[in-house]
There are 2 protein chains.
Amino acid sequence: MLTIYSDEHHLHYGQSELNDGELMPCFECPARADNVLAAVRELGIGDIVAPRDFGRDPLARVHSEAFLSFLENAWPMWQAEGRDCDALPLIWPVRGLRQVEPPGIDGKLGFFSMDAGTPITAGTWQAVTTGANVCLTGAASLVDGERSAFALSRPPGHHASSDCMGGYCYLNNAAIAAQFLRDNGAGHIAIVDVDYHHGNGTQSIFYERDDVLFLSIHADPVQEFPYFLGFADETGAGAGRGFNGNYPLPWGTEAPAWFAALGDCLERVESFAPDAIVVSLGVDTFKDDPISQFRLQHADYLKVGESFAQSGRPVLFILEGGYAVDDIGINVANVLRGFHENQ
Amino acid sequence: MLTIYSDEHHLHYGQSELNDGELMPCFECPARADNVLAAVRELGIGDIVAPRDFGRDPLARVHSEAFLSFLENAWPMWQAEGRDCDALPLIWPVRGLRQVEPPGIDGKLGFFSMDAGTPITAGTWQAVTTGANVCLTGAASLVDGERSAFALSRPPGHHASSDCMGGYCYLNNAAIAAQFLRDNGAGHIAIVDVDYHHGNGTQSIFYERDDVLFLSIHADPVQEFPYFLGFADETGAGAGRGFNGNYPLPWGTEAPAWFAALGDCLERVESFAPDAIVVSLGVDTFKDDPISQFRLQHADYLKVGESFAQSGRPVLFILEGGYAVDDIGINVANVLRGFHENQ
């Protein structure tokens with residue numbers, strides 16, 4: 001299996017996120033991808049290659065131009081105000097407020113975000129565009145006939161909607177990759193999001209479409225971030241009705257219940273008969289994840305990979321969350337190994 | 001002129017707000033009201049009395065029961081999660097997310113707020129309900145025939161909408177007082193908001209009503225918090241069309257332009273012929289305010305008071321913003337003195 005990777009993810013290194021009422025060191029840190037890279041190298045299931053540059057067009061297929069322009073210019077605008085800490089918003093346009101993009105950076109930060117855990121740093125734009133290229137390179141390899149690929153990108157992407165960053169996410173890598181596959185010959189794509197958190201951004205992007213099936217297994221938003229999306233009754237709208245499926249599970253969920261949900265997902269994928277599957281691969285379902293409450297074990301991730309292999313369809317794995325930094329490598333590698341040994 | 005005051009404002013003492021990408025000490029601090037109290041005592045224009053308790057009903061005339069219940073229970077819920085720092089939200093239900101009140105405290109904090117600058121502390125509920133009682137006691141004195149009163153309350157209120165805290169505000173004191181006046185015989189009330197920031201909460205509460213005229217002179221939201229409300233084209237809706245007036249002014253505004261706006265406001269008030277005027281009295285229009293960009297001087301505040309006195313109508317002054325702590329006393333006292341000497 002091809003792995004695509006670039007060291008440029010290091011250029012995004014947020015210092016602090018607002019959590020539990022305090023600014024604390026970002027859980028989403030470069031060591032995550034470094035440790036995954038080391039584990040994938042050790043696994044030795046295929047080449048590790050650098051991404052190609054796909055330019056801005058594939059990003060603009062998923063994100064608004066205003067949002068891309070904001071992401072690109074936010075840091076210089078922030079710095080021009082004489083500030084050198086991470087850029088964080090201070091107000092958000094909630095209900096009752098107008099939905100108009102402000103001209104200044106403080107207003108823009110709030111307008112294009114949903115939380116205070118997604119800092120913009122000097123290297124964020126370069127890191128996230130490179131990350132998208134990592135995923136696009138993986139998608140392109142499927143277009144070229146590969147049966148699988150692993151896009152080792154960070155920061156993650158599945159919380160980012162067409163015009164909002166949030167939850168450590170800036171560009172929605174899974175959505176960008178799925179759209180690229182659609183634009184290059186695939187008639188139907190399934191996205192299966194196994195990250196601990198609901199992929200609210202991906203859901204929103206495809207919510208009214210019947211060509212991209214989105215399925216997500218995650219902590220119940222009644223208990224967990226992002227709180228305001230990811231409920232079971234969100235089944236799609238318009239042409240997309242029936243093409244969105246959420247599997248909210250309670251804190252403390254262990255392997256049997258989790259795999260039951262995955263089995264259901266994969267049956268729905270089979271009925272949908274997609275040309276390829278994009279997997280939003282978060283491993284924050286792990287029992288020791290510092291901000292999560294599911295209880296999967298190292299060995300369970302082998303079975304995750306095996307389950308996707310059994311679909312027999314081309315699969316693009318994209319790295320999303322997973323914050324148990326010492327364990328993220330083995331967990332991701334186990335998914336890839338489980339897939340590789342059973343395809 | 002009667003002043004109403006309670007020491008219980010000290011029970012609300014936030015430690016930190018998110019600003020410029022960092023958590024910094026709250027600008028909205030107990031010393032503000034302490035210094036205003038000292039200046040009013042020195043001014044000696046009337047008694048300083050304690051508030052009466054008006055119970056929950058007058059609050060519920062303006063705020064949703066769900067919001068009041070949240071404010072009352074937020075700190076115990078936060079503490080029950082093992083946290084003892086100020087309670088701050090971490091995600092907000094922006095566009096694309098569902099508007100459903102979550103059961104847990106982290107979700108509720110986001111659901112009922114618009115920023116990360118409005119911490120809930122152990123004493124917040126008691127302080128803000130006492131603050132509302134301070135304002136209601138002032139309103140009641142007008143009902144009883146007084147020509148003016150000064151509600152020396154904190155924290156401020158004008159950014160709070162029917163169900164959102166924000167901008168250091170929890171309960172909308174001006175709206176609560178105006179509604180109380182309406183419920184006790186007044187046919188029409190004008191609210192004139194001279195705080196440096198737009199009174200987005202007050203505007204929202206009365207936006208579709210023609211019995212409460214809301215006029216606000218403030219920094220242009222194009223440049224300034226709250227960014228997403230306070231534009232000149234917001235003139236009211238439905239029955240309220242024409243009963244909302246915004247005077248956004250640019251950073252650097254000095255007395256001549258500011259008083260031109262006030263003059264226009266007071267002409268509109270005169271045409272409206274209200275039974276009383278509620279003044280949202282922020283003095284963060286002062287030239288040395290640490291978070292504001294207007295340039296009024298100490299002496300200008302005498303003229304503010306004089307302008308309201310010339311209306312000849314009953315006036316309830318309610319303290320809102322003003323963060324130049326060493327100057328807030330003289331500025332507020334000058335407003336009251338200007339009013340007192342010209343009524």
Side-chain angles (χ1 to χ4, degrees), chain A residues 15-23 78 81-100 102-104 106-117 119-120 161-164 166-167 200-201 203-204 207 221-231 234, chain B residues 15-23 78 81-100 102-104 106-117 119-120 161-164 166-167 200-201 203-204 207 221-231 234:
Chain A
Q15 293 307 297
S16 49
E17 63 173 88
L18 184 62
N19 207 347
D20 292 340
E22 301 182 300
L23 281 180
W78 178 257
E81 302 275 333
R83 298 180 280 207
D84 55 7
C85 60
D86 294 355
L88 286 174
L90 80 164
I91 180 173
W92 290 260
V94 297
R95 65 188 178 283
L97 300 179
R98 289 173 76 161
Q99 303 298 319
V100 180
D106 285 293
K108 283 186 199 291
L109 282 162
F111 184 72
F112 289 114
S113 76
M114 67 177 191
D115 70 7
I120 289 186
S161 69
S162 63
D163 64 354
C164 268
N200 61 286
Q203 168 172 311
S204 294
Y207 203 61
V222 160
Q223 295 178 295
E224 191 56 86
F225 188 97
Y227 300 106
F228 303 107
L229 215 63
F231 298 90
E234 295 156 10
Chain B
Q15 294 308 297
S16 49
E17 63 174 89
L18 184 63
N19 207 347
D20 292 340
E22 301 182 299
L23 281 179
W78 179 257
E81 302 274 333
R83 298 179 281 206
D84 56 7
C85 61
D86 294 355
L88 286 174
L90 79 164
I91 179 173
W92 290 261
V94 297
R95 64 188 178 282
L97 300 179
R98 289 173 76 161
Q99 303 299 319
V100 179
D106 285 293
K108 282 186 198 293
L109 282 162
F111 184 71
F112 289 115
S113 75
M114 67 177 191
D115 69 7
I120 289 186
S161 69
S162 63
D163 64 355
C164 266
N200 62 287
Q203 168 172 311
S204 294
Y207 203 61
V222 159
Q223 295 178 295
E224 191 56 85
F225 187 97
Y227 300 106
F228 303 107
L229 215 63
F231 298 90
E234 295 156 10

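By convention in this document, chain letters (A, B, ...) are assigned in the order of the sequence lines, proteins followed by strands, and residues within each chain are numbered from 1.
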Nearest-0.5 Å distance that lies between atom CG in B/Asp106 and atom CZ in A/Phe225: 10.5 Å
Measuring from atom OH of B/Tyr227 to atom CG of A/Leu90, what distance do you get when rounded to the nearest 0.5 angstrom? 5.5 Å
If I measure from the heavy atoms of chain A, does B/Ala116 come under 4.5 Å with its side chain, its backbone, both, or neither? both
Quick one: CG on A/Asp20 to CG on B/Asp84, what's the gap to the nearest 0.5 Å? 11.0 Å
The reported gap from CZ in B/Phe228 to CH2 in A/Trp92 (rounded to nearest 0.5 angstrom) is 10.0 Å
What part of A/Glu22 lies closer than 4.5 angstrom to a heavy atom of chain B: side chain, backbone, both or neither? both
Contact leader toward chain B among A/Ser16, A/Pro221, A/Pro102, A/Gly117, where contacts are heavy-atom pairs under 4.5 Å: A/Pro102
Let me know if B/Ser113 has heavy atoms under 4.5 Å from chain A in its side chain, its backbone, both or neither. backbone
Note: vs chain B, highest number of non-hydrogen pairs under 4.5 angstrom among A/Met114, A/Gln99, A/Glu234 is A/Met114
What part of B/Pro119 gets within 4.5 angstrom of chain A, counting heavy atoms only: side chain, backbone, both, or neither? neither
Name the member of A/Pro89, A/Gly166, A/Gly104, A/Pro103 that forms the most heavy-atom pairs with chain B at distances under 4.5 Å. A/Pro103
Do you know which of B/Leu229, B/Asp115, B/Val100 has the most heavy-atom pairs with chain A at a distance under 4.5 angstrom? B/Asp115
Less than 4.5 Å to any heavy atom of chain B: does that hold for the side chain of A/Ser161, its backbone, both, or neither? neither
At a heavy-atom distance under 4.5 Å, which candidate from B/Pro93, B/Ala87, B/Pro226, B/Cys85 has the highest pair count against chain A? B/Pro93
A/Leu97 CG to B/Cys164 SG distance, which is reported to the nearest 0.5 Å: 7.5 Å
Minimum-distance pair of heavy atoms, taken over all atoms of A/Gly96 and B/Ser204: O-OG, 4.2 Å
Main chain of B/Asp163, side chain of A/Arg95: is a donor-acceptor contact present, judged purely on distance under 3.5 Å? yes
Do you know which of A/Ile91, A/Asp86, A/Leu88 has the most heavy-atom pairs with chain B at a distance under 4.5 angstrom? A/Ile91
